[in-house]
Chemist: 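Next up is a structure, given as structure tokens.
Numbered from 1 within each chain, the chains take letters A, B, ... in sequence-line order.
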Amino acid sequence: MARELLGKVLVRDSGKLRLTARIVEVEAYLGENDPAAHAAAGNTARTSILFGPPGYAYVYFIYGKHYCLNVSCEHEGKAGSVLFRALEPLLGIEEMALARDIAVHGPRDLIRLTSGPGRLAEAFGITRARDNGCDLTSASSALWIARDGFRAKGFQITPRIGISKAADQPLRYALKGNAFVSGKRPSR
DNA sequence: ATATCGATTATCT
DNA sequence: GATAATCGATATG
């Protein structure tokens with residue numbers, strides 16, 4: 001799923017406003033048996049979406065400040081998911097800058113719009129109240145995943161970022177050479 | 001009822 | 001490179 005999501009487009013539709021951005025970095029979380037996954041705590045009020053059918057938005061709140069977006073994967077009862085870590089803005093850049101409350105002058109500022117799980121959620125106005133449980137596979141949803149003709153040149157797999165448990169597993173997928181990928185730049 | 005901590009980011013040095 | 005900010009979910013009593 002993580003590999004399939006790379007290169008797809010995240011779409012926000014609210015009224016006549018549309019935001020779109022390409023998915024350039026994601027991480028896989030493997031469900032109940034993955035110590036780093038929220039699903040490891042079991043099926044609770046917080047994580048119930050993870051245990052439902054695939055294709056739905058799991059939104060969580062972290063560090064008192066940030067929302068992050070996952071899509072549920074696997075069949076009902078299996079809590080695998082994919083975390084959206086970075087996007088490349090396509091449409092609605094001014095609106096994203098407004099939501100992020102930053103001024104965009106050059107490419108350097110563009111990166112701060114959607115490079116990082118908390119940043120992309122803020123740019124898209126994603127909150128738990130608004131988007132948790134949303135069907136990401138339906139074009140009539142306010143938040144959904146689209147396919148355009150984009151062909152990725154390649155991707156790379158590295159260890160997941162920002163976790164303390166099971167941090168060694170290579171489950172982070174990123175488009176090769178994409179400037180919007182979060183974290184430290186690979187040496188090449 | 002209370003304590004702990006995190007799938008992060010911004011802002012320092 | 002280090003650290004503060006900030007709050008809801010979860011664990012513990």
Chemist: Which whole-number value in Å describes the distance from Arg160(A) CZ to dG6(B) P?
Modeler: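 Interatomic distance, CZ of Arg160(A) to P of dG6(B): 15 Å.
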Chemist: Quick one: look up who dG8(C) pairs with, Watson-Crick or G-U, both distances under 3.5 Å, and put none if it's unpaired.
Modeler: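 Checking every strand shown, dG8(C) finds its partner in dC5(B), with both distances under 3.5 Å.
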Chemist: Of the nucleotides dT6(C), dT10(C), dA7(B), which has the atom closest to the Asn70(A) side chain?
Modeler: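 Of the candidates, dA7(B) comes closest.
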Chemist: Can you tell me how far P of dA9(C) sits from CD1 of Ile49(A), to the nearest Å?
Modeler: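 It works out to 14 Å between those atoms.
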Chemist: Looking only at side-chain atoms of Arg128(A), point me to the closest of dA5(C), dA7(B), dA9(C).
Modeler: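 Of the candidates, dA9(C) comes closest.
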Chemist: Counting only side-chain heavy atoms from C-beta out, which of dT8(B), dA5(C), dA9(C) sits nearest to Cys68(A)?
Modeler: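 Of dT8(B), dA5(C), dA9(C), dT8(B) is nearest to the side chain of Cys68(A).
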Chemist: Which nucleotide in the set dA9(C), dT8(B), dC7(C) lies at the smallest distance from any side-chain heavy atom of Pro117(A)?
Modeler: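 Within the option list, the nearest is dT8(B).
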Chemist: Mind checking the P distance from dT2(B) to dT6(C)? Whole angstroms is fine.
Modeler: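 Comparing P positions in dT2(B) and dT6(C) gives a spacing of 22 Å.
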Chemist: Roughly, in whole Å, what's the span from CD in Glu27(A) to P in dA7(B)?
Modeler: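 Atom-to-atom, Glu27(A) to dA7(B), this comes out as 11 Å.
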Chemist: For the CZ atom of Arg3(A) and the CD1 atom of Ile157(A), what is their distance to the nearest 0.5 Å?
Modeler: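 Answer rounded to 0.5 Å: 7.5 Å.
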Chemist: Looking only at side-chain N and O atoms, does His38(A) come under 4.0 Å of OP1 or OP2 in dA7(B)?
Modeler: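 Checking dA7(B) against His38(A), a side-chain N or O does come within under 4.0 Å of OP1 or OP2.
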Chemist: Please tell me which of the listed nucleotides, dT9(B), dA10(B), dA7(B), lies nearest to the side chain of Arg100(A)?
Modeler: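 Of dT9(B), dA10(B), dA7(B), dA10(B) is nearest to the side chain of Arg100(A).
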Chemist: Can you work out whether Ser164(A) or Arg119(A) has the more 5'-proximal nearest nucleotide on DNA chain B?
Modeler: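 Closest to the 5' end, via its nearest nucleotide, is Ser164(A).
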Chemist: Please tell me which of the listed nucleotides, dT8(B), dA7(B), dC7(C), lies nearest to the side chain of Leu83(A)?
Modeler: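 The answer is dA7(B).
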Chemist: On a heavy-atom basis, which atom in His38(A) and which in Thr47(A) lie closest, and how many Å separate them?
Modeler: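 Smallest heavy-atom distance, with atoms named: O-CG2, 3.7 Å.
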Chemist: Would Arg160(A) and Tyr29(A) count as a cation-pi pair here, with the cationic atom under 6.0 angstrom from the ring centre and within 45° of the axis?
Modeler: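 Pair Arg160(A)/Tyr29(A) counts as cation-pi.
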Chemist: From CD1 of Ile161(A) over to P of dT8(B), roughly how many Å is that when rounded to an integer?
Modeler: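 Rounding to the nearest Å, CD1 of Ile161(A) and P of dT8(B) are 8 Å apart.
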Chemist: Starting at CG of Asp101(A) and ending at P of dA10(B), how long is that distance when rounded to a whole Å?
Modeler: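 Distance, rounded to whole Å: 11 Å.
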Chemist: Below 4.0 angstrom from OP1 or OP2 of dT10(C), is there any side-chain N or O of Thr44(A)?
Modeler: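 Looking at the OP1 and OP2 atoms of dT10(C), one of them is under 4.0 Å from a side-chain N or O of Thr44(A).
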Chemist: Measure from the ring centre of Tyr29(A) to the centre of the six-membered ring in the base of dA7(B), then say whether that distance is under 5.5 Å and the planes meet at under 30°.
Modeler: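 Yes; centroid distance and tilt both under limits.
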Chemist: Indicate yes or no: does Glu122(A) engage Arg100(A) in a salt bridge with an N to O separation below 4.0 Å.
Modeler: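 Salt bridge between Glu122(A) and Arg100(A), a charged N being under 4.0 Å from a carboxylate O: yes.
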Chemist: Is the Lys NZ or Arg CZ of Arg22(A) less than 6.0 Å from the centre of Phe150(A)'s six-membered ring, within 45° of the axis?
Modeler: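 Arg22(A) over Phe150(A) ring: yes.
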Chemist: How many whole angstroms separate atom CD of Glu122(A) from atom P of dA5(C)?
Modeler: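 Interatomic distance, CD of Glu122(A) to P of dA5(C): 19 Å.
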Chemist: Establish, from distance only, whether the side-chain atoms of Thr114(A) and Arg119(A) form a donor-acceptor pair under 3.5 Å.
Modeler: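 Side-chain D/A pair, Thr114(A) to Arg119(A): absent.
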Chemist: Does the structure show a Watson-Crick or G-U wobble partner for dC12(B), both distances under 3.5 Å? Name it, or say none.
Modeler: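 Partner of dC12(B): dG1(C).
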Chemist: Could you state the atom-to-atom distance from CZ of Phe61(A) to C1' of dA9(C) in whole Å?
Modeler: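 So the CZ-C1' distance, Phe61(A) to dA9(C), works out to 11 Å.
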Chemist: Pick base, sugar-phosphate or nothing for Tyr63(A), based on heavy-atom distances below 4.0 Å to the nucleic acid.
Modeler: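 Tyr63(A): base contact, heavy atoms under 4.0 Å.
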Chemist: Please check the phosphate of dA10(B) (OP1 and OP2 only) for any side-chain N or O of Arg112(A) closer than 4.0 Å.
Modeler: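 Looking at the OP1 and OP2 atoms of dA10(B), neither is under 4.0 Å from any side-chain N or O of Arg112(A).
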Chemist: Specify the separation, in whole Å, of atom NZ of Lys65(A) and atom P of dA7(B).
Modeler: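 Distance check: Lys65(A) NZ to dA7(B) P gives 16 Å.
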Chemist: Closest nucleotide of DNA chain C for Ala41(A) versus for Ile62(A): which of these residues is on the 5' side?
Modeler: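 Between the two, 5'-proximity favours Ile62(A).
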